[in-house]
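A short write-up of the structure that comes next.
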Amino acid sequence: MAERVSNQSALTWFLQRITGILLAFFLVTHLNVHHLFHDITLEGIINFSGVRENLQASLWWKIYYIVFVPFIVFHALNGLWQIIADFRLKSRAAMIVKALFWILGITLVAVAIMTLSNLFGGGA
Amino acid sequence: MAIFKVFRYNPESYEIARFQEYEIPDTESMTVLEGLYYILENIDPTLAFRSSCREGVCGSCAMHINGEYRLACETQVSDMGHNVTIRPLAHMKIIRDLVVDLTPFFDNYEKIKPYLINSGPVPDKEFKQSPKERKRIDHHVDCILCGACYGSCPVLATDSAYLGPHALLKVLRFVDDSRDDAAYERLAYVATDYGIFRCHTIFNCQQVCPKDLDPTGAIGKLKMKAVKGKLLGKLKKTGT
């Protein structure tokens, strides 16, 4: 036990489980709002205006989606990292992949939040 | 009568690895290990395999028999049918035939410090332990280090840095031991991408363990203990 090791895995493992449970709740709510019980179709076709009107109905949905976007991104990228880690990358390659995932994750969250802000603000 | 189809390979020769068939005339009440001894003594003295106690205690004769990792000394030929296919343990270099190089297996085992660590004063007689405290480790101490779990673990197929189910089961054995006071140091060492969190809970190790131990469950318990330790701030980086 002489090597120096980090225990961030304990936290990411725990967060993966927590976000997984929350995503199940998110998915059910999302399906309920957009697909099952609310009509957002125009002549039977799902369209953007319908989605926007439905979301703009309450501030709750703004908070709801902004909270869940980071969860989705974390769960997806961390899960992908776990698969890649099985193939025992060299430490330098692992560091590069992790850095790329961080950049990708932050970018995706930023883009999603900007899009949602515009959407709820009434913009396109 | 049974046909033994045995994996043969000698890295020192230029022969390609192959299966060789041996016919064993009388297999009544015979174990697979006895069958191998029959071949060695009567048919082919060049066959190499490991064994020692012949009663499921030493763990030397673990091998892949008819699709599953088992102890050859505890496997009846009659339970295997007329055809018995034998391969060596996986994920380790083959020294010859059914004998593999167990160095990575024991290297990983050594890494987890498989002995009691107690920084308190040495007692006059012994470290006392109540029957209740002993019961907590009852199940884990039975591991005979046969390597069946190591061979069956698909994570080790791609990642030899993973500590393996045998080592992680022993970690829980010491973490749960009332006489050991290095629980958080042990947890900190295994709570990494190449320790308990590399396990994908596939249950192969649990399925093949000839002692009916539960390495998968042990790793699950270690994960919960590690998360709890991390959230309480007790899990620190280890080493220098």
Side-chain angles (χ1 to χ4, degrees), chain A residues 1-27 67-109, chain B residues 91 107-115 117 153-163 167 170-171 174-175 180 182-202 219-220 222-240:
Chain A
M1 288 191 273
E3 304 152 49
R4 191 171 177 80
V5 291
S6 155
N7 306 119
Q8 286 312 311
S9 309
L11 218 51
T12 50
W13 180 85
F14 182 60
L15 284 175
Q16 188 74 358
R17 268 79 198 151
I18 296 294
T19 52
I21 294 165
L22 290 173
L23 286 182
F25 164 70
F26 170 72
L27 186 67
V67 166
F68 269 106
V69 162
F71 285 3
I72 298 165
V73 171
F74 174 84
H75 193 84
L77 292 181
N78 187 51
L80 192 57
W81 164 248
Q82 293 303 323
I83 295 167
I84 292 171
D86 273 345
F87 296 93
R88 204 189 170 190
L89 300 180
K90 287 179 179 164
S91 58
R92 191 179 164 80
M95 216 162 67
I96 291 168
V97 173
K98 269 189 178 176
L100 286 174
F101 275 17
W102 270 104
I103 293 165
L104 182 65
I106 290 167
T107 309
L108 285 173
V109 170
Chain B
H91 315 325
D107 278 353
N108 284 358
Y109 182 59
E110 267 186 44
K111 283 179 191 168
I112 58 115
K113 290 191 179 175
Y115 43 83
I117 299 171
C153 177
V155 178
L156 281 156
T158 56
D159 187 0
S160 59
Y162 173 51
L163 287 168
K170 285 287 180 179
V171 170
F174 288 105
V175 164
D180 189 277
Y184 283 112
E185 190 192 338
R186 294 182 190 283
L187 286 171
Y189 185 71
V190 299
T192 67
D193 271 348
Y194 297 104
I196 46 179
F197 297 113
R198 181 86 283 111
C199 169
H200 295 310
T201 324
I202 297 160
I219 295 168
L222 286 173
K223 283 175 179 171
M224 294 311 291
K225 284 174 189 281
V227 167
K228 200 174 159 190
K230 184 72 183 172
L231 294 176
L232 294 174
K234 289 181 177 175
L235 221 60
K236 306 285 184 196
K237 282 183 178 179
T238 60
T240 51

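Every chain is numbered from 1, with letters handed out A, B, ... down the list of sequences. Keep in mind that the numbers below use all heavy atoms, side chains included, and drop hydrogens, waters and symmetry copies.
Side chains of Val227(B) and Arg17(A) form no contact here, defined as non-hydrogen atoms less than 4.5 Å apart. Residues Lys223(B) and Trp13(A) have side chains in contact (heavy-atom distance under 4.5 Å, counting atoms from C-beta outward).
In this structure, Phe101(A) places its CZ atom where more than 12 heavy-atom neighbours from other residues, nucleotides or ligands lie under 6.0 Å away.
A pairwise comparison of heavy atoms in Ser9(A) and Phe197(B) identifies CB-CD1, 3.5 Å as the closest pair. Listed here is the closest heavy atom pair of Ala10(A) and Ala226(B): CB-O, 4.2 Å.
With hydrogens and angles disregarded, no donor-acceptor distance shorter than 3.5 Å links the side chain of Thr158(B) to the backbone of Phe87(A).
At a 4.5 Å heavy-atom cutoff, the contact between Leu231(B) and chain A is made by side-chain atoms alone.
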